[in-house]
Structures are given as C-alpha cells and as structure tokens.
Amino acid sequence: MPGFKGLAVPGPSNMPFQVRQAMDVALEDHRAPDFPDFTLPLLADLKKVFQTETGQVFIFPGSGTGGWESAISNTLSSGDKVLASVFGQFSHLWVDLCQRFGLSVDVVEAAWGTGVPLDAYEARLAADKNHKIKAVLVCHNETATGVTSDVAGVRRILDNLGHPALLFVDGVSSIASIDFRMEEWGVDVAVSGSQKGFMLPTGLAIVGVSQKAIEAKKTSTLPKCFFDYEDMIKANAGGYFPYTPAVTLLRGLRASVDMLLGEGLGNVFARHHRLAEGVRKAVAAWNLQNCAQEPKWYSDTVTAVLVPQGFDANDVIQTAYHQFDLSLGAGLSQVAGKVFRIGHLGWMNELMILQALGGVEMAMHSVGVPFEPGAGVGAAVRHFSETRASDRIAAE
Ligand SMILES: *Cc1c(COP(=O)(O)O)cnc(C)c1O
C-alpha cells in the first residue's frame, strides 16, 4: 500500500530522520587517533540519560538480552541466590537467563497486570539474615503487559533492612522514555537496548553500571568474555572499545542522545506521559480494559489492551497489519490472544498516536469488537486538546 506503514509496537520504535541521516555515513576507522573525540563525550552524555554521576555506561554490540547477561556474568557466581519476580514475558525471560547461568533464583510469581510485589520482596529480604541473596532483579517496565514498577520502592526496602544485595534493573523499555534515576535509586546495573527509547535500529546493549557492581566482579566466577566490564573499562578509558564497535549505530546514538538532551529529559518523560494518557482515555472510551490492573502500574511506553471475551486479539492484530499497514504488539505467552499492545514510545507525537488509535478502531470494527467508531480517537483528541504539548517542565 502507498503511504507510511504505521509502527505502534513497543520496540523497535519509530526512527527519527535525524537518526537515519546520522547513520548514512561511510564506515570509519574505530582505531583512528581522533575517534575518542567522538566516543568520550558520547559516553559522558549517556550518563545523563541514565541519570548517574558515579556510574559508567557501557555500549556493547547486542540487544537488551545481552545487557541482562552482562549483569549476571560480571557480578555473580554459579549457585548464587538472586531474588526476582515474574509478571510478564520479559521478567520471565530474565529469570530463565539466570537459571541457565546456574543461579539459584527465588522467583516471586505475581499476577500478569501487576508489577514488582514490594511486600513479598520485603519479606524475602527481611528473612535473609545471612545475606545469601546477592542480587535483586526488577523489570522496571514489563513490556508484555504495559506495567511499570516502583524501583525506588525496592531501593527503600534494601536500605531500610541494610541489605547489601546488588540491584539490577531491566530498563529496556523505560530508559530514555520513563523517568529512570540510576544514581538516586542506587541501581547497580541498568540494562537498556537501542531499539526502544533510544529510537535506533536494534544492535546495541546500553548498560549503566555502578562502582559497586564493578567491585563485585572481583568475587564473581561466572565466565565472561564478550561482555566483560573490565575489558570495556580499560578500552573506554582512552575512548576505544575492546573489539570492533558498531560505529554506524554509535553515530545514530549520538543523534538520538542529542535529541533527548535537547528536548530535556523532563520534557521527554512528560511527553510520553501525555501521549500514554491519550491512549488510556481511548481504551476507556472503547469500554475495554487495560491489562495493567491499577493506575499505579500504568506504563507510559506501552498499553496492553484486553479484548472482550469471545474475541481473539490476534485477529485484531492481523487485520490491522494486512488491511491497514499498522503493526500492533501481540500478546505474549500467558496473554497471547487476550491482548494487543499499542507501543507509544520514542519518536512519537499526538498525530502518530491518533493514527495508531484510528488503525485499532478500523481493525476492531472490521472483526466485530463492539464499540462506537470514533469513541477512542475522540477521547484522545479531547485529551490532547485539553492538555497542551507546551505543558512541559522547563528544559534542565
Ligand atoms: C525488548 C525488551 C527486552 C529484550 O530486549 P532485546 O533487545 O529484544 O534483547 C527485555 N526487557 C524488556 C522490558 C523489553 O521491553
């Protein structure tokens, strides 16, 4: 079909023209004498995006999954105990990775549609008098269900108990879109990837690491090579990498970080919140349920919408794709067929949201989901008209 394809999945997200143009360059020498003039400021600016002062940010070729692996293999040893919770496909997969690395994972199962259960974490950590739990895992934004968890709350529990466990956060679909404060929340490893909030193609694992996590490497015996933090620290100190970096993607990352810092992180977060509210108003106007069970769990980067009993969410997704060139996110695992997901992160504005909502309405209408056509789009139009894009926090 002529015209733009709609991409409303929660990663890969839409790529800004500035980022595409920045990557339309000849391949370059990653050992050139002036390469550090490019890389050192980039690494420094990434720390601003992660909101860390004392930590370091590493860029590995890979994806978010590689970032998860780096957190585990650099800091822990076979048989180490970690505390984690599962409430969606991504929190599940990180646990699976830990188990494949021979860790002993204490898994708290929570309902899909809720997030990190603070009470259960507190109980487990309080009972762990001998500090056997070496790391606590938090999926900040569960992309499968559109749920955001309270990382600061987990930090408070650790601090109140004086528990020394490392705090690892999956921020793949939150960092650069939802407020994420690595320093303030005492996060030891913060994992992200290039194709979500950073608005790039897939291909980079972007990982924030605290000094405490770097220290933990001294006692860690799991094998590490490709994702070895120490090799990265040594090479990065001079502005280089331990092996060939994905230079073209780094050029794109420079453009993306410039866009994020230019808009101001506070404005980026406020924009995501406002757009997400428009989507949530649309869902309510369709008389459908958000998979996130309570407002405190609502995600500003992705909304998973439950289809009514008797309907298959995949029919909505297939119809949107085949008839209207719109990609929506599918339901994964436990929620397959029950939800479709609207991704609203990265390079997004009101009209792109209205396009996605319009596509959802056409697809739902086409498969017979009962709702008043225009109800959701209208609710979003009203929301966007009543709140102003300029209702923004002053750029910091
Ligand atoms: C996308 C995603 C991942 C996986 O990242 P890949 O880049 O696909 O390896 C992990 N966690 C969350 C929360 C995600 O959204």
Within the 4.5 Å heavy-atom criterion, are [X] and [Y] side-chain neighbours or not?
| X | Y | result |
| --- | --- | --- |
| Q18 | M259 | yes |
| F384 | L354 | yes |
| L166 | V189 | no |
| T248 | L27 | yes |
| V339 | L306 | yes |
| F50 | I175 | yes |
| E28 | F38 | no |

Rounded to the nearest 0.5 Å, how far does [atom2] of [Y] lie from [atom1] of [X]?
| X | Y | atom1 | atom2 | answer |
| --- | --- | --- | --- | --- |
| N314 | T319 | CG | OG1 | 10.0 Å |
| C291 | K338 | SG | NZ | 9.5 Å |
| L125 | L83 | CG | CG | 5.5 Å |
| T75 | L222 | OG1 | CG | 8.0 Å |
| I206 | S256 | CD1 | OG | 7.0 Å |
| L204 | L250 | CG | CG | 6.0 Å |

What do you reckon, are the aromatic ring centroids of [X] and [Y] less than 6.0 Å apart?
| X | Y | value |
| --- | --- | --- |
| H140 | F180 | yes |
| H272 | H344 | no |
| F226 | Y243 | yes |
| F90 | W68 | no |

Contact summary for [X] and [Y], nearest pair of heavy atoms:
| X | Y | answer |
| --- | --- | --- |
| A111 | Q293 | CB-NE2, 4.1 Å |
| I317 | G329 | CD1-O, 3.5 Å |
| M182 | D188 | CE-O, 4.2 Å |
| G376 | L357 | O-CD1, 4.4 Å |
| L288 | M364 | CD1-SD, 3.7 Å |
| P41 | P36 | CD-O, 3.7 Å |

Are [X] and [Y] linked, directly or through other ILVMFWY residues, by side chains that come within less than 4.5 angstrom of each other?
| X | Y | result |
| --- | --- | --- |
| W297 | V279 | no |
| F198 | V187 | yes |
| M15 | L351 | yes |
| V138 | V107 | yes |
| V207 | I178 | no |

Taking [X] for its side chain and [Y] for its backbone only, find out whether a donor-acceptor pair lies under 3.5 Å.
| X | Y | value |
| --- | --- | --- |
| N74 | S70 | yes |
| S220 | L76 | yes |
| K212 | P164 | yes |
| K224 | S73 | yes |
| Y121 | G153 | no |
| T301 | S173 | yes |
| D170 | V172 | yes |
| D325 | F4 | no |
| N14 | L7 | yes |
| R341 | T303 | no |

Salt bridge (charged side-chain N to carboxylate O under 4.0 Å, His left out) pairs, two or more places apart, involving residues 63-82: none
Indicate yes or no: does [X] engage [Y] in a salt bridge with an N to O separation below 4.0 Å.
| X | Y | result |
| --- | --- | --- |
| D300 | R280 | yes |
| K296 | D150 | no |
| E277 | R274 | no |
| R155 | D159 | yes |
| K217 | D228 | yes |
| D96 | R100 | yes |

Pairs satisfying side chain to side chain donor-acceptor pair (under 3.5 Å), at least one member in residues 43-62, at least two apart: D45-K48, D45-R254, Q51-D179, T52-E183, T54-E183
Could you tell me whether the side chains of Y240 and T39 share a donor-acceptor contact shorter than 3.5 Å? no
Hydrogens and angles aside, do E361 and W286 bring a side-chain donor and acceptor to less than 3.5 Å of each other? yes
So, using side-chain hydrogen bond (donor to acceptor under 3.5 Å, both in side chains) as the criterion, who are the partners of Q99 when residues are at least two apart? none
Should we say atom [atom1] of [X] is surrounded by more than 12 heavy atoms from elsewhere, each under 6.0 Å from it?
| X | atom1 | value |
| --- | --- | --- |
| H30 | NE2 | yes |
| M362 | CE | no |
| D29 | CG | yes |

Should the ring pair Y229 and F58 be called parallel, tilted or perpendicular, given that the plane angle runs from 0 to 90° and is split at 30 and 60? tilted
